[in-house]
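In the text below, chain A, chain B and the rest are named by the order of the sequence lines, each starting its count at 1. In what follows, every heavy atom counts, from backbone to side chain, and hydrogens, waters and symmetry copies are set aside.
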Protein chains: 2
Amino acid sequence: MGRQGGSVRADTADGAAGELVRARRRELGLTQQDLASAAGVSRQTIISMETGDYAPSVYLALRVAGTLETTVEALWGAG
Amino acid sequence: MGRQGGSVRADTADGAAGELVRARRRELGLTQQDLASAAGVSRQTIISMETGDYAPSVYLALRVAGTLETTVEALWGAG
DNA sequence: AGTATGCGTCACGTCAACTTGACATGTCAA
DNA sequence: TTGACATGTCAAGTTGACGTGACGCATACT
């Protein structure tokens, strides 16, 4: 794998979710790639999710929340 | 607004969520337009959400779940 | 009959969700 | 130093999320 990149930005989000995802991912000792593989998306998608204002689909959000052993509300509902 | 239409289909979903959204909406005595307005989307989006296999964004899902007084997991996590 | 409401379809447009790929940086170990 | 690993940026492409507007079709109510 390795080195990917891209632009994936939204305007619907507020960025707070990204920090929560990142924090929870680190708590579990997962790399972005680990999370990406577990959630079935590319690493770039995870990067965008954590760093940018990004609005994933419900299904992706559910897979990420599941992988991080938490809920969609806890990660994205915080506002 | 009134009478809308359009094509909004996905392949990520399984259709089960649509039935749950519809059932919950009816329980609360809301019309599709009511839910659409409350969630800040068009009626067509609600139609697609209920009838088709459709993958809304997390934020839309959260607003719909909130309006329907339930959770994202309850509506889309059922499988 | 006419009219209004609720639901769905057809058709088309815009922008974002997600992709792949190459490159840069910093850290840690051999 | 060399190199692997983790994270991030820049760029460009495909598909789908969501919008708008018009139409069909029931089921009401008047």
**OP:** Answer yes or no: does a side-chain N or O of Ser57(B) lie under 4.0 Å from OP1 or OP2 of dA17(C)?
**Re:** no
Original post:
Within this structure, what is the CH2-to-P distance between Trp76(B) and dA17(D), rounded to whole angstrom?
Top reply: 13 Å
Subject >> Nearest-nucleotide pick for Gln32(A), side chain only, options being dA17(D), dT7(D), dT20(C) >> reply: dT7(D)
**OP:** Answer with base, sugar-phosphate or nothing: what part of the nucleic acid does Arg25(A) contact at a heavy-atom distance below 4.0 Å?
**Re:** sugar-phosphate
**OP:** Rounded to the nearest angstrom, tell me the gap between atom CG in Leu60(B) and atom C1' in dC18(D).
**Re:** 9 Å
Original post:
Among dG8(C), dG8(D), dA17(C), which nucleotide sits nearest the side chain of Ile47(A)?
Top reply: dG8(D)
Subject >> Arg43(A) side-chain proximity, nearest of dC18(C), dG19(D), dG8(D) >> reply: dG8(D)
Subject >> Contact summary for Val72(B) and Ala65(B), nearest pair of heavy atoms >> reply: N-CB, 3.7 Å
Original post:
So which nucleotide from dA17(C), dT20(D), dT19(C) ends up closest to the side chain of Val41(A)?
Top reply: dT19(C)
**OP:** Grab the CD1-C1' distance between Ile46(B) and dC18(D) for me, whole Å please.
**Re:** 11 Å
Original post:
Tell me, do Leu35(B) and Gln32(B) make a side-chain contact under 4.5 Å, heavy atoms counted?
Top reply: no
Original post:
Leu35(B) has an atom CG; how far is it from atom P of dC7(C), in whole Å?
Top reply: 10 Å
**OP:** Measure from the side-chain heavy atoms of Thr31(B) and tell me the nearest of dA17(D), dC18(C), dC7(C).
**Re:** dC7(C)
Original post:
Can you tell which of dG8(C), dA17(C), dC18(C) lies closest to the side chain of Thr45(A)?
Top reply: dC18(C)
**OP:** Round to the nearest Å and state the distance from Leu30(A) atom CG to dA6(D) atom P.
**Re:** 11 Å
Original post:
Between dT7(D) atom C1' and Asp34(A) atom CG, what is the distance in whole Å?
Top reply: 13 Å
Original post:
Ala55(A) has a side chain; which of dC18(C), dA17(D), dA17(C) sits nearest to it?
Top reply: dA17(C)
Original post:
Side-chain contact, heavy-atom cut-off 4.5 Å: Arg25(B) with Asp34(B)?
Top reply: no
Original post:
Atom CD of Gln33(A) to atom P of dA4(D): distance rounded to whole Å?
Top reply: 17 Å
Original post:
Under 4.0 Å between a side-chain N/O of Ser42(A) and OP1 or OP2 of dT19(C), yes or no?
Top reply: yes
Original post:
Which is true for Arg22(A) with a 4.0 Å heavy-atom rule: it touches a base, it touches only sugar-phosphate, or it touches nothing?
Top reply: sugar-phosphate
**OP:** Whole angstrom is fine here: how far is it from CD in Gln44(B) over to P in dG16(D)?
**Re:** 16 Å
Original post:
Of Thr71(A), Val21(A), Leu20(A), Val58(A), which is the lone residue that meets side-chain contact (heavy atoms from CB on, under 4.5 Å) with Trp76(A)?
Top reply: Val21(A)
**OP:** Please determine, by modelled atom types, if Thr45(B) and Ser48(B) share a side-chain donor-acceptor pair under 3.5 angstrom.
**Re:** no
